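Taking it in order: structure first as structure tokens, then the write-up.
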Amino acid sequence: MISKSSISKKLYTGLWSIPLPLWFTLFFVGPILLLFWLSFWDVKNFVMVPGFNLDNWEKILGANYFWSAYTRTILFALGTAILTTAIAFPASLTIAYLMPLKARLVVLGLIIVPFFTSYLVRIYSWQVYLSENGIIQNAFSYIGINIASMLNSPLALYIGFVTLTLPLAIIIQSISVLSLDKSLIDAAYNLGCGPKRIISAVIIPAAKPGIIIGALFVFIFSFGDFVTPTYLGGGKYTTLSILIADTVKSGQQWPRAAVISVIMIITLLITAMCSIAYAYRKR
Amino acid sequence: GSPTTLTMLAWYGQAEPDAVEEFERLYNVKIIPKYYVGGEQMIALLAQSPPGTYDIIHADAEYVQQLAAANFLEKLDAEDYPFDDFYSEFQNFPGHWIGKDLYAVISRFGFLGISHNLDVVSVKEASSYKLLWDKKLKNRVGHFDWHLPNLGALSLLNGNSSPYSINKTSWNNLKKTTLSLKPQIRGFYDYGGVLSSLKNGEVSVIPGIGEWITGVLRRDGANVTTTIPEEGGIQFTESFSIGKNSRKAELARKFIQYMAGEKGQYRLANLNVFPAIIPSKKGWKRMIAEKPMEAKHLGMFNGSGNAIDLIQRGRIHIRELPHQQSLEDWNDFWSEYKGS
Amino acid sequence: MDSTHISLKKISKMYGNNIAIENLDLDIERGKFIAIMGPSGCGKSTLLRSLAGLESITSGSITCNGEEISKLEIWERNTPLVWQSLALFPFLTVQQNVEFGLKMRGEKAEVRKTKSESWLKRLGLESFANRNVDQLSGGQRQRVALARCLVTEPSVLLLDEPLSALDAHLSVKMQGELKRLQRELGITFIYVTHSHSEAFSMADKVVIMNQGKIEQEGSPKDIYLHPISSFVANFLGGSSIFKCTLKSISSQYSLLESNDGSFKSSTESIKHFILEQSLNMIVRADQITITTEGGWSENEVLCQIIGEEFIGALVNLRLQSKNGTEIIVQQQQRDMEKLDIEIGSSVVAGWHPEDCYLITN
Amino acid sequence: MDSTHISLKKISKMYGNNIAIENLDLDIERGKFIAIMGPSGCGKSTLLRSLAGLESITSGSITCNGEEISKLEIWERNTPLVWQSLALFPFLTVQQNVEFGLKMRGEKAEVRKTKSESWLKRLGLESFANRNVDQLSGGQRQRVALARCLVTEPSVLLLDEPLSALDAHLSVKMQGELKRLQRELGITFIYVTHSHSEAFSMADKVVIMNQGKIEQEGSPKDIYLHPISSFVANFLGGSSIFKCTLKSISSQYSLLESNDGSFKSSTESIKHFILEQSLNMIVRADQITITTEGGWSENEVLCQIIGEEFIGALVNLRLQSKNGTEIIVQQQQRDMEKLDIEIGSSVVAGWHPEDCYLITN
Amino acid sequence: MKTRKLTRYIGVVFCSIILIFLYAPIISNFIFSFNSLRFPTIPLGSFSWEWYQLILNDSLVINAFKNTLIVGFIVAPIATFMGFAAAYSDYRFNFFGKKLVMVFALMPPLIPLVVIGLAMLAYLSRIGLSGTLPAIIVSHVVLTSPFAMAIIRLRFSQIESDLEFAAQNLGATNWLAFKEIIIPMVKNSVITAFLMCLAVSFDEYAVTWFVGGLEETSSVRVLSFLQSAVSPRINAIGSITFAVSILLLLGAQYFVFKKLNQDIKKS
Ligand SMILES: Nc1ncnc2c1ncn2[C@@H]1O[C@H](COP(=O)(O)OP(=O)(O)OP(=O)(O)O)[C@@H](O)[C@H]1O
Ligand SMILES: Nc1ncnc2c1ncn2[C@@H]1O[C@H](COP(=O)(O)OP(=O)(O)OP(=O)(O)O)[C@@H](O)[C@H]1O
Ligand SMILES: [Mg+2]
Ligand SMILES: [Mg+2]
């Protein structure tokens, strides 16, 4: 016998637990399996031929330039994650605790808006500031200081990555800092925790999920970003996404690109799972 | 009635109004372009799209070979196109024929040598690729981020008479030569990057590119030019083909015919996106008559030293896929070089 | 050193237009145990929170050891508070919660460990040290909150109903611990509670609040025996209140008249009053005796039993006189058994003139 | 209709590896007031939460009116719970909180308004109707939580320490309200409390839990007079426990031996025991009398006074015998005044053989 | 007290610096969109509307804008709903394979765009969907819903879980409890998630290029301008997008503030 309530319960559970898995099964699992399979294909005469061989894997895993790109990408992503989190956190604190409600809404709005202007456009615009004879160099020479162009330097890369990720980090962090129970802060003060320590003793642990998830997204974004390394890094800093583009240039070597992708996915998946586990771990 | 549509997979600019408006009017068609940014992605896109999605395909010669090999192109009938009017070098352009079958009609071409900022480097200085190692150019040399033109140019410097067909020793030498250039390099740029870095002075010299870049910059007032060094230059070509299973093959043929004709050629030589040399004699005439300055810069003038002359004198080598090494080897080396 | 530890002078606290504390004065001696009681919403928690600096007072001054502290930051006050709402840190384990205050004081890890473990043990929480606080029962949580403050062994401790979620047995045990702590370390306790037994058994001084003001303060005995207003008498409960008019004063007994008849009271308690004044006569439940016959005492009222509450060894009887006055009588279980009465029975409630306590209306 | 309203059969609840309730059986009659007591962490809240469907029980069955409900959804059970943690809706006003249940039942706005206002009034909250719940005092919040459940007038009401934050005066008033509700509407109350007086004054049946199991259930009187184990006696408090061995049984008195000497007990209470059995002798505090001389009773122990608690009309004395047994004596204030004793004095505690209550060890 | 003021001051200055940083590219973008020169170098050329005229007369650009809006406003609701559903079911239910679902739900942003673009195209063309707006929508939903999920899940992890049960205990069915309790509590994060999805969809170019065939969104357009034609039209497009989004924001804030003021008056 199926009772009315059990139908309604199934309906309710189903409504929430089915859509995303269903959509993903239809439109994501397919591509992702295809991608994985692709990494074992051959390329003959500039055409990909389905097959199963490990050559692509051997080739990539055996290439020095792959590993150097891999380390470089991880380091940049990690650096950006730390940098962005460090910049975003004081800002989130200010927004959450030091601003009146209306100012908070305005500032959060202002932080979201740039997001709607294509990232490509914004990075392109950064070139104007950083390049030789760019705005910054001109400004400095106006006050009598000569500086080198900043384009194609790690600094430029970080500027690009931070442009990409900062709004996201601030928003995620703010959500999590704002919903923190204020009485916990008072309780900590009451136990002798000064305003300097309150951040490390209460706010950070309590807002940990937000901070970590924010940093994770920053990591993911900058790990896979192609635009900044290309347009602000001058292609000099081969990251994995640039390497993918390069790999493809040896005549339709998509299978090798797939290998790199799979490695990237695995790396990010491990990072993601570790950081989520850490974020939601109690204590 | 409302115009029929014609789809075109092309490098940016080939379906902009300055190129196609007249054709569209004449035949009451609307050309819908799909612009691509890299040949590889273009081929991948074609490979994964249903056949017949794209009626016209615009590509560089290297990719025509790949496209034909992969059976993405319809065969063409040479009779349909005004090859008689083309300079002889382009009547039987190697990359476009596979055996007896024609797959593409050349639309325009250009030479790659050393592009340089005239404020820093004179034409005379640019007469040899050795310039690249010049002390004053430290950290002032840029690369267009593609191995074929760059390695081709340096291969010429190394004295290889056919730059893309080199034996193992020469290949190793080429690698050495290339790696020794790395300290001079400021960056590896895509099209846009090349343009802006030359323009704003970030780099002073870029090998392996040509008038297709400097021509654009000059229009914007930059003091730059391209010099073909004594060691020789590289040639690139663009062409039109008809996509496999195109349902509008007839119209596509009309389009190619139009582009190979005088009016089309004249337009192509002056494309907003970047100028290039055209293979049509009638086109040359009109260029020389109407835009002598531009024509001169591109090498379209009468007399010795013009584009055809350079080709005939053996100064120019067609950009090709490597013969004795695999494309992969070259590419891998390029990755390694960038990462070094 | 002055024996006054904390002194509140004319403090007021408004929430918008609501007055939570009004012009309150209170001196607290060092090392004493002060219990604050009062009806729900009378401002007890607000008072503690103001002392701790969690609320900034609207006016008045708070001094501690003679120094003004009302402008000090919360963390500078060293006045740990056991919150009514607990406010445990959900991201820390039980033990980490307890160690928090020590950590803030820069104690070394071993010291923290020893101290926190000893306190967890004293509060019966040793087996929960590594649990998350949301995996605890209500009483366990409350003990964690208590341990979190006790472990810092401060000179003042503010407690807001710290034992309200504990069963009587445990509560008594905790009361013992708290008392011992107060004696051994000389901590000044300011203790809000709604439990009379807690207040009366632990406090050196009881403060009864009403609507943001202090209604009465004094030793437990004093307050119990001599409530200064019918509010206090009522609040403490266990008393019957008769509205009377003073009719005559003689050397031994004075005469009062009420709806329920005329009563005699020992003149000693009449001192300050004048004839024809309206007074409240308060008689404690344990001083009223019921009989079936009456005639043994000067003050007797005929009543009907309307309720009976059996509370362990004692029975509380609620009686009603003909005129509707409610009279509460407390009997020991064993005495009750001798009388043969049930709800609805008519009985005579009587008390001695010296057990009358008179206050103004 | 069967008089059993709710029946729990062998229910268990595990949290991971922690057992919170173990194989518990309980029948609850319709319209009765059941009080559940037990030490902190014994599983009281878990029991209520399981009844309400907030925790899914690990095993066992719960029937309500004979129907199995343990698989029903929470909202199908109609068992409103007053949460120990309150769980008020922070984004709703007081009145909206109270109206919530009615709204969910699809009541019209006017009906909701009338009902909620009447309950707010009965609970003394009428002036807070439009406040946010975080602007209330602890006791006010608790009353909102109470009102939120009461307003739905369900047939079963689950209450988890619903009066713990109220002062005695208000608490008594609320107890009256609850009792009245039970009588008028015939609601079955399942009431968790740690206050003996609440349990004993309101409940028809008291259930004492210990470590997830029921230790004893029965009428308040029964439990008070006849605890079945020393755990219960201890938990209820106010008793002294002597460990004894049964030495002889005569027609009138039986003889028991303990560290503190030998005692006599009326044989009636010995029935089930055999010679040489280890027993606990339990003597209620109100049945022990202290004198300075002794010699008035068969059972006497010389002790020292180690503590004195003044609780209103009563004084609790804690004594210690030479052998360290703790003895609790409850005296009425007025009797105490006659004896001239203080902490440290030696006194003799004595009790009658018929006041001994014996249980197995 | 003094230090508190100082902290606030420093905080506000810090936030302003961040805003300046975030707006710097947009400002220069705006300025150069009116610059007559093709390359964005200093000194500036003369003032010119040319680039705006060019894009406003370019049917491809107009069409791309239209597509962007269509795609964004279809994708954002779907993705927000799916992200919400996944976050809620993770928070609320326990079912077999939940962890796996969560892992998959987080995966799309982990995959390099060029490659997922190709794989998507390969897959979608096999099911006959490639080269259409639905193809773009389908893949954008895949790409954006993980963000929605993460943001909303974060909010859920901070909600006292008792409240929903308290509502059910008072007779609210799960639907009602959802409406009365869950929605009010997560509303803001859902709005944030919606905006985030919109922004990510607006921004996406790599996958869109592959699966969209002849259909383009404005960021694909920007990409081709950037990679093959370097043209201040990029700036013009950017400025228009920016102007539109700031107008949207102002509109939204107007309503929020209106509501705020009403609330303040009420209480
Ligand atoms: N979520 C949980 N995870 C693990 N253990 C739990 C959890 N919740 C409660 N417990 C444990 O289950 C036992 C019973 O808890 P419960 O809340 O029922 O106690 P209680 O009788 O209500 O106590 P109190 O009077 O202190 O409120 C306790 O020991 C508690 O630590
Ligand atoms: N944030 C607030 N905004 C407005 N009024 C408040 C606020 N907090 C408390 N109040 C009011 O101030 C008065 C005093 O509150 P307080 O918490 O001090 O009471 P309390 O004596 O602790 O009561 P209880 O015994 O119920 O905990 C109450 O009437 C309460 O409603
Ligand atoms: Mg309070
Ligand atoms: Mg409990």
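Below, all heavy atoms of this structure are taken into account, side chains as well, without hydrogens, waters or symmetry copies. Here the structure is a predicted model, which means the values were calculated and not measured.
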>> Are more than 12 heavy atoms, taken from residues, nucleotides or ligands other than K179(C), located less than 6.0 Å from that residue's NZ atom?
In response: yes
>> A quick test of your reading: do over 12 heavy atoms of other residues, nucleotides or ligands sit less than 6.0 Å from CD of Q211(D)?
In response: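 12 or below, so no.
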> Which one of A168(D), P220(D), A165(D) has the most heavy-atom pairs closer than 4.5 Å to chain C?
Replying inline: A165(D)
>> Please identify, among I223(D), T46(D), L166(D), L170(D), the residue contributing the most non-hydrogen atom pairs under 4.5 Å to chain C.
In response: L166(D)
> Between G139(C) and Q84(D), which heavy-atom pair has the shortest distance, and what is it?
Replying inline: N-NE2, 4.3 Å
> When rounded to the nearest 0.5 angstrom, what distance separates CG in D134(D) from OG in S85(C)?
Replying inline: 11.0 Å
> Atom SG in C42(D), atom CG in D167(C): separation rounded to 0.5 Å?
Replying inline: 8.0 Å
> Going through the checks in order, is the side chain to side chain contact (heavy atoms under 4.5 Å, CB included) test met by R131(C) and N18(D)?
Replying inline: CA-CA 11 Å; R131(C) 282 239 193 126; N18(D) 304 330; 2.6 Å; yes
At a 4.5 Å cut-off on heavy atoms, which part of [X] comes close to chain D: side chain, backbone, both, or neither?
X: S164(C); result: both
X: K221(C); result: both
X: Q140(C); result: both

>> Looking at chain D, which one of P39(C), S45(C), A285(C) has the largest number of heavy-atom pairs inside 4.5 Å, strictly under?
In response: P39(C)
> Of all of G43(C), G41(C), A20(C), G237(C), which one pairs up most often with chain D through heavy atoms under 4.5 Å apart?
Replying inline: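 Among the listed options, the one with the most contacts to chain D is G41(C).
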>> Within the 4.5 Å heavy-atom criterion, are N234(C) and H169(D) side-chain neighbours or not?
In response: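 Result yes, sub-4.5 Å side-chain heavy-atom pair found.
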>> Can you confirm whether R143(D) sits close enough to S40(C) that some side-chain heavy atom of one is under 4.5 Å from a side-chain heavy atom of the other?
In response: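 Of all side-chain heavy-atom pairs linking S40(C) with R143(D), at least one is under 4.5 Å.
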> Which atoms of F235(D) come close to chain C, meaning under 4.5 Å heavy atom to heavy atom: side chain ones, backbone ones, both, or neither?
Replying inline: both
